[in-house]
There are 2 protein chains.
Amino acid sequence: MKELIEKYKERGFKLTPQRLAILKFLDGNTSHPTADDIYRQIKKDYPTVSFATVYNTLQMLQKKGEVAEITIDHQKKHYDPNPKPHHHIICISCNKIGDVFEDYSEALRLPYHIEEEFKPVGSHINFYGICRGCQKKHKRRN
Amino acid sequence: MKELIEKYKERGFKLTPQRLAILKFLDGNTSHPTADDIYRQIKKDYPTVSFATVYNTLQMLQKKGEVAEITIDHQKKHYDPNPKPHHHIICISCNKIGDVFEDYSEALRLPYHIEEEFKPVGSHINFYGICRGCQKKHKRRN
DNA sequence: ATTTAAATTAGAATAATTCTAATCTAGTAA
DNA sequence: TTACTAGATTAGAATTATTCTAATTTAAAT
């Protein structure tokens, strides 16, 4: 976190209170928040904060590789502040997202005819499941 | 395709010319079209067709498992009329999407602590790459 | 204290998707 | 064939996430 702030300054970016609040909120956060989640949280301390600031900051953090967009929910983008490559599992009932820290890269070999057409640069797995809470809810209904 | 039309009727859905046109357009289509792509195509023959019809039909086909939404591009949803489970590779430069018919399911074992929290129901891999066309473009620039 | 490039802001603009309510029609049955 | 009706279509409005804009403010360097 401190390192991040340092990196921030080194690269000539200004460290504003709003950005600091966003950085703090994201630091170690595993809730995979949306821009709106972040906005609402920051608004508590900085009532005049705007979406533009949230999106700007997220965009910058993405460029720096500190935050990744999660492509798993079509409605809204989710953001993941863990820069370590990993995968995700999403509850198909409540959309809760979990992290999957497992390296499958050895197994994910592409067929040759694909590698002729695309130079691979990465991969990401979306697992789908039903979380505990929703399993219980479903049982209750039956 | 014929089977699909039969299935359609059997289940009490009406087969309208617009829907038939959409079905024909999707049949065997590997271009992973967006709703807008489909709309523009159908509009050629049915100039009064509306987005509502396109989205309605896609929704119905999804429920029947004949079409799947591809969660790989945040801007727009893409649709895949191939009901056989498979994965995708997307060009990070031009967004072109390719199909990856390879069964990785054996390798995609989830860590135990995840399986305690989620009952898995499926998975989908997004591969990222640079397509031939874009590789050439990039070289040209250098 | 001054300067200035960058950041913030409110609100408008954009764009994908969903909704609505009026109209129409495929398929059925008389 | 005709009439019926549940379901489909339509134009356009509404919604929602995200991006843009232009005026104002500010962090950080001088």
Side-chain angles (χ1 to χ4, degrees), chain A residues 4-25 32-64 67-79 95 97, chain B residues 4-25 32-64 67-79 95 97:
Chain A
L4 183 53
I5 293 174
E6 281 315 307
K7 272 198 231 168
Y8 224 100
K9 288 188 172 177
E10 273 169 28
R11 302 207 195 178
F13 295 121
K14 290 184 186 172
L15 190 60
T16 64
Q18 294 90 333
R19 284 192 168 176
L20 189 58
I22 294 174
L23 289 179
K24 278 185 184 163
F25 175 65
H32 309 91
T34 64
D36 190 59
D37 295 333
I38 299 168
Y39 173 72
R40 286 214 299 274
Q41 181 61 35
I42 304 308
K43 212 175 170 59
K44 288 179 188 169
D45 288 330
Y46 301 90
T48 66
V49 76
S50 74
F51 266 105
T53 296
V54 173
Y55 280 110
N56 276 347
T57 303
L58 285 170
Q59 214 174 301
M60 163 175 304
L61 289 171
Q62 277 179 77
K63 275 183 196 155
K64 295 178 57 185
V67 160
E69 264 179 39
I70 307 179
T71 309
I72 197 168
D73 171 5
H74 257 123
Q75 200 89 44
K76 308 176 180 187
K77 289 182 187 173
H78 292 254
Y79 295 90
N95 284 3
I97 298 172
Chain B
L4 182 54
I5 295 174
E6 281 315 309
K7 274 197 230 169
Y8 224 103
K9 289 188 171 177
E10 273 168 26
R11 303 209 195 173
F13 295 120
K14 289 183 186 174
L15 190 61
T16 63
Q18 293 92 330
R19 286 191 167 176
L20 189 56
I22 294 174
L23 290 179
K24 278 184 185 164
F25 175 64
H32 308 91
T34 64
D36 190 59
D37 294 334
I38 298 169
Y39 173 72
R40 286 216 298 274
Q41 182 61 34
I42 304 308
K43 211 173 170 62
K44 287 179 188 169
D45 288 331
Y46 300 89
T48 67
V49 77
S50 76
F51 265 106
T53 296
V54 173
Y55 280 110
N56 276 348
T57 304
L58 285 170
Q59 215 174 301
M60 163 175 303
L61 289 170
Q62 276 180 77
K63 275 185 197 154
K64 295 178 58 182
V67 159
E69 263 179 40
I70 307 179
T71 309
I72 197 167
D73 170 6
H74 258 122
Q75 199 90 44
K76 308 177 180 186
K77 289 182 186 172
H78 291 255
Y79 295 90
N95 285 2
I97 297 173

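Below, chains carry the letters A, B, ... as their sequence lines are ordered, and counting in each starts from 1. Below, each value reflects all heavy atoms present in this structure, side chains not excepted, and no hydrogens, waters or symmetry copies.
- To the nearest 0.5 Å, the span separating CD1 on B:Ile22 from CG on B:Leu61 amounts to 8.0 Å.
- For the OP1/OP2 pair of C:dT14 and a distance below 4.0 Å, the side-chain nitrogens and oxygens of B:Lys76 include no atom meeting the criterion.
- Take A:Lys77 and apply the salt bridge (charged side-chain N to carboxylate O under 4.0 Å, His left out) test, not counting sequence neighbours, and it matches A:Glu69.
- Rounded to whole Å, atom C1' of C:dT17 lies 15 Å from atom CG of B:Asp37.
- Between the NE2 atom of B:His78 and the P atom of C:dA16 there is a distance of 10 Å, rounded to whole Å.
- For B:Ala35 against B:Tyr79, the heavy-atom pair with the smallest separation is N-CE1, 3.9 Å.
- The distance from atom NE2 of A:His74 to atom P of C:dT17 is 7 Å, rounded to the nearest whole Å.
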Legend entry - Per-nucleotide protein contact string for nucleotides 23-30 of chain C, where B marks a base within reach and S marks sugar-phosphate only (heavy atoms under 4.0 Å, - for neither): --BBS---
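- Under the rule for a salt bridge (charged side-chain N to carboxylate O under 4.0 Å, His left out), A:Asp45 has no partner lying at least two apart in sequence or in another chain.
- In this view, B:Phe13 and B:Tyr8, B:Arg11, B:Arg19, B:Met60, B:Lys64 satisfy the side chain to side chain contact (heavy atoms under 4.5 Å, CB included) rule, not counting sequence neighbours.
- Between B:Gln75 and B:Met60, the residue anchored nearer the 5' end of DNA chain D, judged by the nucleotide with its closest heavy atom, is B:Met60.
- If you take CG of A:Leu23 and P of C:dA7, they are 13 Å apart, rounded to a whole angstrom.
- One interatomic measurement links the two molecules: NZ of B:Lys77 to C1' of C:dA15, which rounds to 14 Å at whole-angstrom precision.
- Contacts between residues 46-58 of chain A and DNA chain C, defined by a heavy-atom separation below 4.0 Å, involve A:Thr48, A:Val49, A:Ser50, A:Ala52, A:Thr53, A:Asn56, listed by number.
- Here the CD-CG distance, from A:Gln41 to A:Asp36, works out to 11.5 Å after rounding to the nearest 0.5 Å.
- In this structure, A:Phe51 and A:Tyr39 have parallel ring planes: the angle between them is below the 30° cut-off, well short of the 60° mark.
- Between the CG atom in A:Leu58 and the NZ atom in A:Lys63 there is a gap of 12.0 Å [rounded to 0.5 Å].
- Taking the 5' to 3' direction, DNA chain D first and last meets chain B under 4.0 angstrom from a heavy atom at D:dA6 to D:dA11.
- Between B:Thr71 and A:His74, the shortest heavy-atom distance links the atoms CA-CE1, 3.5 Å.
- Side-chain contact, B:Thr53 with B:Asn56: no donor N or O sits under 3.5 Å from an acceptor N or O.
- Not one N or O on the side chain of B:His32 forms a donor-acceptor pair closer than 3.5 Å with the backbone of B:His78.
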